Amino acid sequence: MSQGIFITMEGPDGSGKSTQIALLKEYLEKEGYDVLITREPGGTAISEAIREVILNKDFQEMSPVTEMLLYASARAQLIHEVVGPALEKGQAVISDRFVDSSLVYQGIARGLGVEKVYEVNLNAIGKYMPDVTFLLDLPAEVGIARKKGQKDLDRMELESLEFHKSVAQGYRDMAARFPERIKSVDATRPVEEISDLIIREVSDILKKN
Ligand code: TYD
């Protein structure tokens, strides 16, 4: 087991992960942790370069298997270069998305199968499974409407509403499958209420460590 704490934030596009990550960081710093925040795909020079390829909306021909392998490659480098060393040093790491995104987007929404995607990803993550994962649960329509207001949509965000509905449901299935690790929170609730729930859960974990 590593000494730090590894927390991942998951949810459909537009579910408010960044806001919650910032609030959780504040809390962990008050608790005396050195906090590292990272995002997927990305977080290292190589992973950010892979991100450019994955999300490029000109690459409509990308096959689901290529997509799965690229996300896993970006993840392998992030673990090797950033997450693994930080946890070994006792830091708190919060990642905006991690392996559950692949299980849901590639395994379920793209139809590759959760088991297959998990197996491939084990090569990337090794022993570094999150201590806790928060699912910001949101209806697909709400997430997409929030994103549309924000920026140019990337290749994944341009997918059909049906795809995003399958993502939202896929996350619920994953939360039911791993109830010990994945804690689901209603992302339509006010920001402070969601943050209180998350912080309470993390504080319980810190007490047990
Ligand atoms: P990003 O702009 O980071 O999305 P968000 O702000 O919603 O987190 O883009 C990441 C996109 O990649 C997002 O649509 C989810 C998708 N994704 C996967 O399909 N598989 C993965 O393993 C990861 C990490 C992300």
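First listed ligand is number 1; within each ligand, the first listed atom is number 1. The residues of the chain are indexed from 1 along the displayed sequence. All of these numbers come straight from a predicted model, not from anything done at the bench.
- Residue Q106 touches ligand 1 through its side chain alone, judged by heavy-atom distances below 4.0 Å.
- The protein heavy-atom contact nearest to atom 22 (O) of ligand 1 is S102 OG, 2.5 Å.
- At least one heavy atom of K147 sits less than 4.0 Å from an atom of ligand 1.
- Considering only non-hydrogen protein atoms, atom 9 (O) of ligand 1 sits nearest to L55 CD1, 3.7 Å.
- Regarding atom 14 (O) of ligand 1, its nearest protein heavy-atom neighbour is D13 OD2, 2.7 Å.
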Could you go through the salt bridge (charged side-chain N to carboxylate O under 4.0 Å, His left out) check for R110 and E159 one step at a time? CA-CA 11 Å; R110 292 282 191 228; E159 279 294 337; 3.0 Å; yes
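- At least one heavy atom of R75 sits under 4.0 Å from some atom of ligand 1.
- In summary, the atoms of ligand 1 found under 4.0 Å from a heavy atom of R51, numbered by their order in the structure, are 1 (P), 2 (O), 3 (O), 9 (O).
- Under a 4.0 Å N-O distance rule, the pair R172/D137 qualifies as a salt bridge.
- Relative to atom 12 (O) of ligand 1, the option among Y105, Y71, F163 with the closest non-hydrogen atom is Y71.
- Assignment of M68 to the shell around ligand 1 is not supported, since no heavy atom sits closer than 4.0 Å.
- Each of I194, V191, L24, L136 was evaluated against T19; a single residue qualifies, V191, per the side chain to side chain contact (heavy atoms under 4.5 Å, CB included) test.
- Among all non-hydrogen protein atoms, the one lying nearest atom 7 (O) of ligand 1 is R97 NH2, 3.1 Å.
- Contact annotation for V99 and ligand 1: no heavy atom of the residue comes within less than 4.0 Å of the ligand.
- A salt bridge links E40 with R75: the distance from a Lys NZ or Arg NE/NH1/NH2 to an Asp or Glu carboxylate oxygen falls below 4.0 Å.
- Residue contacts with ligand 1 for D154 involve side-chain atoms from C-beta outward but no N, CA, C or O (heavy atoms, distance under 4.0 Å).
- Nearest heavy-atom pair, Y33 versus Q91, reported as atom, atom and distance to 0.1 Å: CD2-C, 4.4 Å.
- Checked by atom type and distance alone, the side chain of Q106 never pairs as donor or acceptor with a backbone atom of E67 at under 3.5 Å.
- Interface of M156 with ligand 1, defined as ligand atoms under 4.0 Å from a residue heavy atom, comprises 12 (O), 14 (O), 19 (O).
- By the 4.0 Å heavy-atom criterion, K17 is counted among the residues contacting ligand 1.
- The side chain to side chain contact (heavy atoms under 4.5 Å, CB included) test with I7 singles out one residue from L28, I198, T133, I205, and that residue is L28.
- For K165 and E141, the salt-bridge test passes: some basic side-chain N is under 4.0 Å from an acidic carboxylate O.
- In summary, D100 and R181 engage in a salt bridge, as defined by a charged side-chain N under 4.0 Å from a carboxylate O.
- Counting protein heavy atoms only, atom 10 (C) of ligand 1 is closest to P41 CD, 3.9 Å.
- Side-chain rings of Y105 and Y71 stay apart, their centers remaining 6.0 Å or farther from each other.
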